[in-house]
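Let me begin by presenting the structure, written as C-alpha cells, before commenting on it.
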Amino acid sequence: MIVIIITTKILKMILSIFAFATTCSVETESSFSIKCEGGTNSKNYSFKLDYPFIINMHAEIPLCSDSKTTESIYYSVKSSCEFYVFIGVMAFLYCLAALVIYIYFDEVYRKNTRLTIIDFVTTAVFALMWLISSSAWAQGVSDLKYYSDPEDALFQKLSCEKRCIKGPDANFSTLDVSIIFGFLNTFVWAGNLWFLYKETPWFKVQAAPPIDPGMPQETDPQRV
C-alpha cells in the first residue's frame with residue numbers, strides 16, 4: 001500500500017509543477033491598429049500579457065481628424081491567477097515533504113496514527129483547494145480572453161466603423177493547458193484519499209474482524 005501512496009505522491013508533485021509552470025511561463029500580446037484615409041494620423045498598438053495578467057490598455061486614439069481621444073481598458077485576473085499558482089506551489093512542497101517521511105521515516109509513519117490522519121485530512125483539503133482554484137482560474141482565463149481582445153473590449157468604446165483593425169489573436173493555449181492540469185490535480189488528489197484512508201486507524205478499526213462472544217477467552221496465567 002505504501003508503494004502506491006509514494007507513486008501517487010510523485011505523480012501529484014509532477015502535476016503540481018506543470019500546473020503552476022504553465023501559468024507563469026505564458027507571455028503573449030494583443031494588438032490592433034487604427035487606419036485613417038490617406039494614411040495620416042494612423043497608429044499601431046500592442047499590449048503585453050504575462051503573469052499575473054493585468055490588462056492595462058491606455059492609448060491615445062486618433063480620430064482621423066485634428067482631435068484625439070484617450071480610451072483605456074483595465075482588467076486584472078491577478079487574484080485568481082496568484083491563488084492558483086499558490087496552491088500549486090504549496091501542493092508541490094507538501095508532496096516533497098511527504099515523500100521524505102515515506103522514504104526515510106516509514107516506520108514512524110506506520111506506527112504514528114496522527115501522521116496518517118494528518119496526511120489524509122491535508123490531502124482532502126488540497127483536493128478541495130484544487131477544485132476551487134481551478135474553477136476560479138478557468139473563469140479568469142475566460143475573462144482574460146474577452147478583455148484582451150480589442151474587438152470585444154476597446155472597439156466598443158470607439159466609433160471605429162472600418163478604421164479599427166484587429167491584430168493577431170493573443171495565444172492562450174498554454175493557459176488552457178494549465179486549467180486542464182488544475183482539474184487533473186483535483187481528480188488525482190481526490191482519488192488518492194482512498195489509499196490514505198486505508199492507512200488511518202478509522203479504517204483499521206472497521207476492517208478488524210469482530211470478536212465472537214461464543215469463543216473461549218484466553219485465561220491469564222497469573223490469575224490461575
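What you see is a predicted model; the values in this text were computed from it and never measured.
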Exercise. Shared ILVMFWY cluster between Met129 and Ile180, side chains joined below 4.5 angstrom?
Worked result: no
For this session: Applying ring-ring contact (aromatic ring centres under 6.0 Å, His included), name anything that partners Phe18, two or more places apart in sequence or on another chain.
Result: Phe181
Exercise. Under a single-linkage definition using a 4.5 Å side-chain heavy-atom cutoff for Ile, Leu, Val, Met, Phe, Trp and Tyr, are Ile118 and Met13 assigned to the same hydrophobic cluster?
Worked result: no
For this session: First locate atom CD1 of Ile179, then atom OG1 of Thr174, and finally report the distance between them rounded to the nearest 0.5 Å.
Result: 11.5 Å
For this session: Write down the atom of Thr186, the atom of Leu131, and the distance for their closest heavy-atom approach.
Result: OG1-N, 3.3 Å
Problem set entry | Non-neighbouring partners of Trp130 that pass side chain to side chain donor-acceptor pair (under 3.5 Å), sequence neighbours left out | none
For this session: Specify the closest pair of heavy atoms between Gly88 and Ser16, including all atoms of both residues, with the distance to one decimal.
Result: O-CB, 3.6 Å
Seminar exercise, completed: Contacts of Ile10 meeting side chain to side chain contact (heavy atoms under 4.5 Å, CB included) (sequence neighbours excluded), chain-then-number -> Ile6, Ile14, Leu99
For this session: To the nearest 0.5 Å, tell me how far Trp189 CH2 sits from Thr123 OG1.
Result: 5.5 Å
Please list, one pair per line, the donor and acceptor atoms closer than 3.5 Å that link side chains of residues 78-87 to other protein atoms, with sequence neighbours excluded.
unit_1 : atom_1 : unit_2 : atom_2 : d
Ser80  : OG     : Val77  : O      : 3.2
Tyr84  : OH     : Ser178 : O      : 2.4
Tyr84  : OH     : Gly182 : N      : 3.1

Problem set entry | Donor-acceptor under 3.5 Å (Ser142 side chain, Ala138 main chain) | no
Problem set entry | Thr8: side chain to side chain donor-acceptor pair (under 3.5 Å) partners, not counting sequence neighbours | Asn192
Exercise. How close do Phe20 and Val89 get, heavy atom to heavy atom, and via which atoms?
Worked result: CD2-N, 3.7 Å
Problem set entry | With Glu27 via salt bridge (charged side-chain N to carboxylate O under 4.0 Å, His left out) - residues at least two apart | Lys48
Problem set entry | With Tyr94 via ring-ring contact (aromatic ring centres under 6.0 Å, His included) - residues at least two apart | Phe126
Exercise. Leu49: what forms a side chain to side chain contact (heavy atoms under 4.5 Å, CB included) with it, not counting sequence neighbours?
Worked result: Thr28, Ser30, Ile55, Ser148, Ala170, Phe172
Exercise. Who passes side chain to side chain donor-acceptor pair (under 3.5 Å) against Gln139, sequence neighbours left out?
Worked result: Asp143
For this session: Enumerate the residue pairs fulfilling salt bridge (Lys or Arg N to Asp or Glu O under 4.0 Å) with a member in residues 7-16, sequence neighbours excluded, ordered by first and then second residue.
Result: Lys9-Asp119
Exercise. Which salt bridge (Lys or Arg N to Asp or Glu O under 4.0 Å) pairs, counting each pair once, include a residue from residues 171-193, with sequence neighbours left out?
Worked result: Lys145-Asp176
Exercise. Do Leu144 and Leu175 come close enough that some side-chain heavy atom pair is under 4.5 Å?
Worked result: yes
Exercise. Taking side chain as C-beta onward, heavy atoms only, is Val188 less than 4.5 Å from Leu11?
Worked result: yes
For this session: Could you note down all residue pairs passing salt bridge (Lys or Arg N to Asp or Glu O under 4.0 Å) where residues 127-137 supplies at least one of them, sequence neighbours left out?
Result: none
